[in-house]
Every structure is written in C-alpha cells, then in structure tokens.
Amino acid sequence: MMGPSHALSGATVWLAGSWALHQFADYEQSPLAIAVGTAVCAGAALFPDLDLSGKVTRNQGGATVAKTFGVVSLFIAEVVEKISLGVYHATKLSKDPHRNNGHRTLTHTIPFTVLVGWGTTALCAAYGKWAVIGILFFMIGLALRGLFDEWAKRAGWVIVTLVSAAAAYFTFLNLPGDRGYPMIGLAVGVGCFVHILGDMITRSGVPILWPIPIKRRMWRMISLPDKIAIKTGSKVETVVLRGVFTVIALLAAAGLVAPAVLRRFDIEI
Ligand SMILES: [Zn+2]
C-alpha cells in the first residue's frame, strides 16, 4: 500500500476504535485526546516504512516517509534499514533467501510493533509531557506526510517540520500534566500493526510470523493469495479502499462528536 492509504487506515482504525470504546465500554475521551490519538495512529501507520532508505536517496520513489524531516529522517531510515538487515542476517535460516536490503523485515513484525508500543508507553510514563511533545512532533510529521502527501511534497520538509512542531506545542499547552498518557503508546502500537496488515493484503506480503521458524524459514512473507491481493497504487487501493476508510472515519468522528454537540444544545438523546 502507498503512504496515504497507510496513514488513512491508521486514522480510521483509531477513530472507529474510539467510537466503539465510547459506545460499548463507556470510555469517553476529550476531543483533544481523540485528535491526538488519531494523528499519532496515522503517523505510526507509516512508521514501519522508515526502513526504506536507499530508494529515497536515489530519488526513485519508495517511501516518502523518509523525507519527512529532510536529511534527519533520511539518516534515521538508513540506520533502521541497516539494523533490520543485520537482524535479518543474524536470524535467517537455511531456506531464507539472501537479501541486500532490510525493507519489509524487522519493522514489519509483531515483536517490533509490541516493542515500539511498549517503548512509547515507557517514555511517556517516565518523562510525561516532555516525552509526549517529542513523540507528537515526530508522529504528526509522519501523519502530515501521509494524509496530505501532495501538499507535503509541494511544501517541502521545512514547512512539514514547522507545522508538526506547532501542532505538538499547541497540544503540549493543552494537555493535563499529571498523567502517563498510556493511550499514546497504544496508538503507536496499533498504528504499526495496521501498517503490517495493510502490507499483508498486497502481493509482496510481510514476515508476520517472525520469529517462528517454519520449514527452515524464519522470514516467510505472508500475504493474500495473488488472485485477491491488492496491487499497490491500483484503483482498488486509491479509490475503493481509501473511499471505505474515509467513510468509516467520518462516521466514527460524527458518532464521537454528535453527543457532545447535542448536549450543548440541551437535546436529550
Ligand atoms: Zn511497509
């Protein structure tokens, strides 16, 4: 899947999940908390593709996410890709093929998703609002790159960085200071997981079973059968899938906001 679809799927899942929590578990979040969770989940739904470096430096497309913060994110992508490739080689079994690039390996696994979600939660618990502002800045940047890709391309990384910083700062000013923000870690974990599922419905697949060895392979790529797998960038992805995501996201957002609006006008429901 392409960047915008990944980001949109992250936002949709978070909004739909928040609506379900509100509806069925009576778990209510403030509008700011919902907005923050949605942005973080959308950004995190692009995070695993931060392992795509080489292609971007040669300007051959690839994940635009590595361009989010200019050379800084390109450098991070380079490091993440090399670490992923290192882990691939260190854990590969005899039937796993040789690889020259770490894309779609470590960052596309369940252990990575859990680790990143847990790491984010630990950071927020230890440093509170200061951790939150850093994570928000990073994730909002990725989300902007994904959700508004045409705008981000035209605006360039400096503007994207400035807008992310402003949004993170605004959130920081308005968040209560005395809590650990466990929802942010959850949003990061859920976002990464949604990304993996998104890649799984395309032909190339993801090593979702890692590190379970099956038939002398540790890095088996799991995907939908070729017949029903979605072609990256096809109409099914850019029109049908994105259309469905958008409708669900809007319905969930309306469902979350409507009760508060009705209450404001004293309408009994
Ligand atoms: Zn991916």
Side-chain angles (χ1 to χ4, degrees), residues 1-7 9-10 43-120 138 142 145-146 149 188-234 237:
M1 280 211 305
M2 295 157 77
S5 317
H6 278 304
S9 67
L46 284 168
F47 188 62
D49 274 351
L50 212 60
D51 66 351
L52 198 59
S53 55
K55 272 190 178 165
V56 180
T57 37
R58 274 182 268 121
N59 223 349
Q60 291 177 340
T64 48
V65 53
K67 295 178 187 164
T68 306
F69 304 109
V71 279
V72 178
S73 47
L74 275 175
F75 176 73
I76 296 174
E78 197 73 45
V79 173
V80 171
E81 191 260 310
K82 290 293 171 291
I83 292 174
S84 302
L85 189 61
V87 173
Y88 179 84
H89 280 297
T91 59
K92 83 188 259 291
L93 298 177
S94 58
K95 284 271 165 65
D96 283 312
H98 179 78
R99 290 188 71 115
N100 297 316
N101 190 291
H103 178 49
R104 281 198 182 199
T105 56
L106 181 66
T107 60
H108 290 64
T109 62
I110 304 284
F112 177 82
T113 298
V114 174
L115 189 76
V116 173
W118 171 81
T120 307
F138 190 74
L142 298 189
R145 257 288 168 196
D149 64 324
V188 170
V190 169
C192 289
F193 186 63
V194 170
H195 178 100
I196 296 176
L197 293 183
D199 278 350
M200 225 167 104
I201 60 171
T202 64
R203 284 182 183 199
S204 27
V206 282
I208 195 157
L209 295 176
W210 187 84
I212 304 168
I214 296 167
K215 290 188 188 154
R216 278 181 288 158
R217 282 199 69 175
M218 190 83 105
W219 295 92
R220 186 175 291 277
M221 292 295 181
I222 309 291
S223 70
L224 285 183
D226 275 3
K227 266 190 199 150
I228 49 170
I230 287 168
K231 254 208 197 130
T232 302
S234 64
E237 180 192 327

Reported [atom1]-to-[atom2] distance for the pair [X] and [Y], which is rounded to 0.5 angstrom:
X: Asp199; Y: Ile230; atom1: CG; atom2: CD1; result: 11.5 Å
X: Asp226; Y: Thr202; atom1: CG; atom2: OG1; result: 10.5 Å
X: Asp96; Y: Thr105; atom1: CG; atom2: OG1; result: 11.0 Å
X: Leu106; Y: Ile83; atom1: CG; atom2: CD1; result: 8.5 Å
X: Met218; Y: Ile212; atom1: CE; atom2: CD1; result: 10.0 Å
X: Thr68; Y: Leu142; atom1: OG1; atom2: CG; result: 5.0 Å

Closest approach of [X] to [Y] (non-hydrogen atoms, all atoms of both residues):
X: Pro207; Y: Arg104; result: CD-O, 3.3 Å
X: Ile222; Y: Leu209; result: CD1-CD1, 3.8 Å
X: Ala45; Y: Pro48; result: C-CD, 4.3 Å

Backbone N/O of [Y] and side chain of [X]: donor-acceptor pair under 3.5 Å:
X: Arg99; Y: Leu85; answer: no
X: Glu237; Y: Met2; answer: yes
X: His195; Y: Gly10; answer: no
X: Ser223; Y: Arg203; answer: yes
X: Asp49; Y: Leu46; answer: no
X: Glu81; Y: Leu52; answer: no

TODO: Only counting residues at least two apart or in another chain, list the ones meeting side chain to side chain donor-acceptor pair (under 3.5 Å) with Asn100.
DONE: His98
TODO: I would like to know whether Ser84 and Asp51 meet side-chain hydrogen bond (donor to acceptor under 3.5 Å, both in side chains); could you show each step before the answer?
DONE: CA-CA 7 Å; Ser84 302; Asp51 66 351; 5.0 Å; no
Report yes if the side chains of [X] and [Y] come closer than 4.5 Å at any heavy-atom pair, otherwise no.
X: Phe138; Y: Phe47; result: yes
X: Thr91; Y: Trp210; result: yes
X: Leu50; Y: Thr107; result: no
X: Arg145; Y: Val65; result: no

TODO: Any chance you could lay out the side-chain contact (heavy atoms from CB on, under 4.5 Å) test for Leu93 and Lys215, step after step, and finish with the verdict?
DONE: CA-CA 9 Å; Leu93 298 177; Lys215 290 188 188 154; over 6 Å; no
Task: Aromatic ring pairing Trp219/Tyr88, orientation class (parallel under 30°, perpendicular over 60°, tilted between) - done: tilted
Task: Lys82, NZ atom: more than 12 neighbouring heavy atoms under 6.0 Å - done: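 More than 12 heavy atoms, drawn from other residues, nucleotides or ligands, come within 6.0 Å of this atom.
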